[in-house]
Undergrad: 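Take a look at this one; I'll ask things after.
Keep in mind it's a predicted model, so treat the numbers as computed, not measured. Note on naming: letters A, B, ... go to the chains in the order of the sequence lines (proteins, then strands), and numbering restarts at 1 for each one.
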Amino acid sequence: MSILARWSKVLSKFKVYPPGKKCFWGEVGNAIVAPQKNTAGSAQLKELRYMSELRVRFAPSPTGYLHVGGARTALFNWLLAKNRGGTFILRIEDTDVERSTKESVEAILEGMKWLGMDWDEGPFYQSDSFPLYKEYVQKLLDAGKAYKCYCTTDELDAKRALAMEEGRKPKYDGTCRERSGQCDEQPYVVRFRAPQGGVTAFDDLIKGTITFPNEELDDLIIQRTDGTPTYNFCVVIDDASMRITIVIRGDDHVNNTPRQIQLYEALGFPVPQFAHVPMILGADKARLSKRHGATSVIAYRDMGFLPEALNNYLVRLGWSNGDDEIFSREEMISKFDISNVGRSPSVFNTEKLLWLNAHYIKNGDTQRLAGLLLPHLSRRGVTTLGGPDLMAVVKTLQERAQTLEEMAERAVFYYNAPVSYDEAALAKFDKELLQAVCTAVTEKLSSAPLGDIAAIDALFKEVCAENGWKMGQVGQPTRIALSGGTQAPGIGEIVLTLGVEETLRRIQKMKEHLAAK
RNA sequence: GUCCCCUUCGUCUAGCCUGGCCCAGGACACCGCCCUUUCACGGCGGCGACACCGGUUCAAAUCCGGUAGGGGACGCCA
């Protein structure tokens with residue numbers, strides 16, 4: 001008996017599938033084994049150990065951008081992989097050739113990268129595996145676990161409609177299930193011969209045990225008329241061949257799970273564990289969609305959100321670690337676990353996201369923020385060339401902006417001197433006072449060298465003391481002169497950032513404006 | 001219609017498995033006060049929930065049953 005023959009005998013004691021090349025493996029206890037030739041050229045059992053090694057995947061379909069729901073699912077997968085030293089795989093589910101686009105793939109990858117979710121394997125494309133799927137379809141056909149169905153779409157639609165009308169479950173009635181005649185010239189689909197009677201159950205890592213009566217499941221189509229495989233079939237083949245151990249996905253897939261399990265069993269594949277993450281809802285508690293505002297991850301980037309803020313927000317949507325709210329990337333990784341993922345859907349709340357974003361802006365690295373701010377400034381036609389140091393500008397705005405967009409908006413005045421003033425705010429002061437303040441401030445600033453913020457503030461206090469003014473009478477007019485409005489950083493901050501020369505120029509401009517009135 | 005799932009402050013949630021420490025804790029938002037030259041930051045305080053009904057128990061947010069509401073799925077989409 002040859003070594004290989006001996007091994008196949010050994011393996012035959014376990015579940016070995018398929019009896020061909022690609023997925024030649026078996027289960028031994030909690031481990032997965034596969035025959036492999038060693039350096040000496042003889043076969044040996046290699047333990048793949050994939051039951052203990054965590055392998056997860058994110059499998060979006062490229063029919064649009066990466067939305068926040070998908071991003072959260074990806075994040076949970078990614079975090080679990082990082083937490084357990086597992087492998088995170090990215091797989092593009094593009095079996096629907098009609099709706100899948102290259103642009104969508106790009107958009108998804110862009111979103112993933114922006115959020116900092118790197119993948120260990122992939123991206124794999126299902127469209128690359130069509131021959132593999134075909135092979136397995138044929139296997140099921142040969143084993144009598146699948147059959148050809150010649151029912152037309154119109155017939156099916158009619159039956160479905162009728163069933164619905166009569167209050168029955170609109171499932172396939174099994175017309176072709178026991179059909180014997182061969183008529184391959186006619187178009188056909190391939191259906192899975194699902195077990196009848198009994199139940200299919202699984203222990204969901206998030207929702208607990210979920211049981212479906214097989215009665216509810218019909219013979220699903222695994223191959224279309226045009227010969228392409230369908231989603232439920234592909235996922236099973238892919239997840240099995242990629243040796244996925246935990247399938248974490250949106251809970252809109254719960255209903256697909258029992259049929260997939262039946263497929264795993266029919267194919268002889270080990271069944272992975274499942275974790276179904278509840279949906280993200282809009283403010284009206286309906287499934288999050290475009291009409292709720294932005295759902296694209298990239299849209300959040302463009303609105304001036306930081307990736308760490310969105311990640312932090314997303315991880316807290318459905319998952320918790322006691323009362324903790326702020327998580328650094330490392331903390332997320334070390335603390336994340338699916339057992340702390342909630343079972344109920346959650347509403348996406350932009351207010352809280354804004355709060356987190358403000359937090360990360362406030363505590364973020366100034367230099368990095370300055371870099372990130374650039375595109376938002378140029379979108380406003382602002383050039384930083386020749387103006388104050390952007391780092392200094394950002395520093396004055398960090399605790400005043402919730403988004404980079406807002407920061408850019410508030411930064412404009414530093415680079416573009418005001419061309420008009422908030423007249424309503426100006427009207428609160430007498431013209432004479434305004435002019436006197438301008439003169440006094442100009443004198444004070446030009447007589448002393450610029451120190452730090454505290455020193456400048458002290459100068460203003462001196463102006464007040466010397467003239468018997470209150471701070472509000474001096475600070476506010478100066479602020480208007482420098483920024484054009486009333487909402488701006490502290491006077492000291494502005495003056496220091498703008499520089500004395502520019503400050504005096506702007507005050508002079510204000511004086512001229514007043515004189516012309 | 002059928003099946004599956006879900007239900008703690010407006011929102012995100014802790015607590016639920018292992019009943020008493022919970023007349024339910026934290027966070028966002030909101031309101032008020034303080035700080036303050038504006039806007040913010042920050043500090044302090046307030047408002048505010050166990051969907052409902054019944055059962056088990058000395059004791060229930062926690063266990064059991066039912067009801068209601070919400071969501072999802074039912075495709076030759078994924």
Undergrad: Between B:rG43 and B:rU36, how many Å separate the two C1' atoms, rounded to a whole number?
TA: 13 Å

Undergrad: Taking only N and O in the side chain of A:R287, is any of them less than 4.0 Å away from OP1 or OP2 of B:rA73?
TA: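 Yes, within the criterion.
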
Undergrad: Could you tell me how far B:rG54 sits from B:rC12 if I compare only their C1' atoms? Round to whole Å.
TA: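 To the nearest whole Å, 32 Å.
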
Undergrad: When you compare B:rC41 with B:rG32, how far apart are their P atoms, in angstrom units rounded to a whole number?
TA: 15 Å

Undergrad: Would you tell me if any nitrogen or oxygen in the side chain of A:K285 comes within less than 4.0 Å of OP1 or OP2 on B:rU11?
TA: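 Looking at the OP1 and OP2 atoms of B:rU11, one of them is under 4.0 Å from a side-chain N or O of A:K285.
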
Undergrad: With a 4.0 Å limit, can you tell me whether A:R224 has a side-chain N or O closer than that to the phosphate oxygens OP1/OP2 of B:rC77?
TA: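 Yes, A:R224 has a side-chain N/O under 4.0 Å of OP1/OP2 on B:rC77.
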
Undergrad: Can you check whether A:T153 has a side-chain N or O nearer than 4.0 Å to OP1 or OP2 of B:rC76?
TA: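 Answer is no, no contact under 4.0 Å.
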
Undergrad: Picking from B:rU37, B:rC77, B:rA27, which would you name as closest to the side chain of A:W355?
TA: B:rA27

Undergrad: Roughly how far apart, to the nearest Å, are B:rC52 and B:rG69 at atom P?
TA: 15 Å

Undergrad: Which one, B:rA29, B:rC12, B:rA78, comes nearest to the side chain of A:T95?
TA: B:rA78

Undergrad: Nearest heavy atom decides the nucleotide; on that basis, is A:D251 or A:T209 closer to the 5' end of RNA chain B?
TA: A:T209

Undergrad: Looking only at N and O atoms, is any donor in the side chain of A:E399 or the base of B:rG42 less than 3.5 Å from an acceptor on the other one?
TA: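 Such a pair does not exist between side chain and base.
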
Undergrad: Of the candidate nucleotides B:rC74, B:rC77, B:rG71, which contains the atom at the shortest distance from the side chain of A:P170?
TA: B:rC74

Undergrad: Expressed as a whole number of Å, how far does the C1' atom of B:rU8 sit from that of B:rG1?
TA: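 32 Å, rounded to whole Å.
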
Undergrad: Can you check the distance between B:rU7 and B:rA61, where both ends of the measurement are the C1' atom (answer in whole Å)?
TA: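 Looking at atom C1' only, B:rU7 and B:rA61 are 12 Å apart.
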
Undergrad: Check the angle between the aromatic planes of A:F274 and A:H276 and answer parallel, tilted or perpendicular using the 30° and 60° thresholds.
TA: parallel

Undergrad: For B:rU37 and A:T478 - does any side-chain N or O of the residue sit under 4.0 Å from the phosphate oxygens OP1/OP2?
TA: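 It does not, given that no N or O in the side chain of A:T478 lies less than 4.0 Å from OP1 or OP2 of B:rU37.
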
Undergrad: Using only modelled atom types and a 3.5 angstrom limit, is any donor from either the side chain of A:T225 or the base of B:rC76 paired with an acceptor on the other?
TA: yes

Undergrad: Testing the 3.5 Å rule here: is there a donor-acceptor pair between the side chains of A:S61 and A:Y231?
TA: no

Undergrad: Output the distance between atom CG (A:L504) and atom NZ (A:K511), rounded to the nearest 0.5 Å.
TA: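 Answer for the CG-NZ pair, A:L504 versus A:K511, is 10.0 Å.
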
Undergrad: Should A:R160 be listed as having a side-chain N or O under 4.0 Å from OP1 or OP2 of B:rG75?
TA: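 Affirmative; the distance criterion is met.
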
Undergrad: If the P atom of B:rG10 is compared with that of B:rA51, how far apart are they to the nearest Å?
TA: 12 Å

Undergrad: Tell me if the side-chain of A:N256 makes a donor-acceptor pair with the base of B:rA78, cut-off 3.5 Å, by modelled atom types.
TA: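 A donor-acceptor contact between them is present.
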
Undergrad: Look at the side-chain N and O atoms of A:K171 and state whether any lies under 4.0 Å from the OP1 or OP2 oxygen of B:rC3.
TA: no

Undergrad: Answer yes if the ring centres of A:W319 and A:F76 are under 6.0 angstrom apart, and no otherwise.
TA: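 So the answer is no for these two rings.
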
Undergrad: How about A:F348 and A:Y300: are their ring centroids closer than 6.0 Å?
TA: yes

Undergrad: Please confirm whether the shortest side-chain N or O distance from A:R400 to OP1 or OP2 of B:rG42 is below 4.0 Å.
TA: no

Undergrad: RNA chain B: A:F212 or A:Q126, which has the more 5' nearest nucleotide?
TA: A:F212

Undergrad: Give one of base, sugar-phosphate or nothing for A:H253, where a contact means two heavy atoms less than 4.0 Å apart.
TA: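 If one applies the 4.0 Å heavy-atom cut-off, A:H253 turns out to touch a base.
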
Undergrad: Can you check B:rC41 for me, syn or anti if syn means within 90° of 0?
TA: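 Chi for B:rC41 falls in the syn range.
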
Undergrad: Any donor-acceptor pair under 3.5 Å linking the side-chain atoms of A:D94 with those of A:S127?
TA: yes

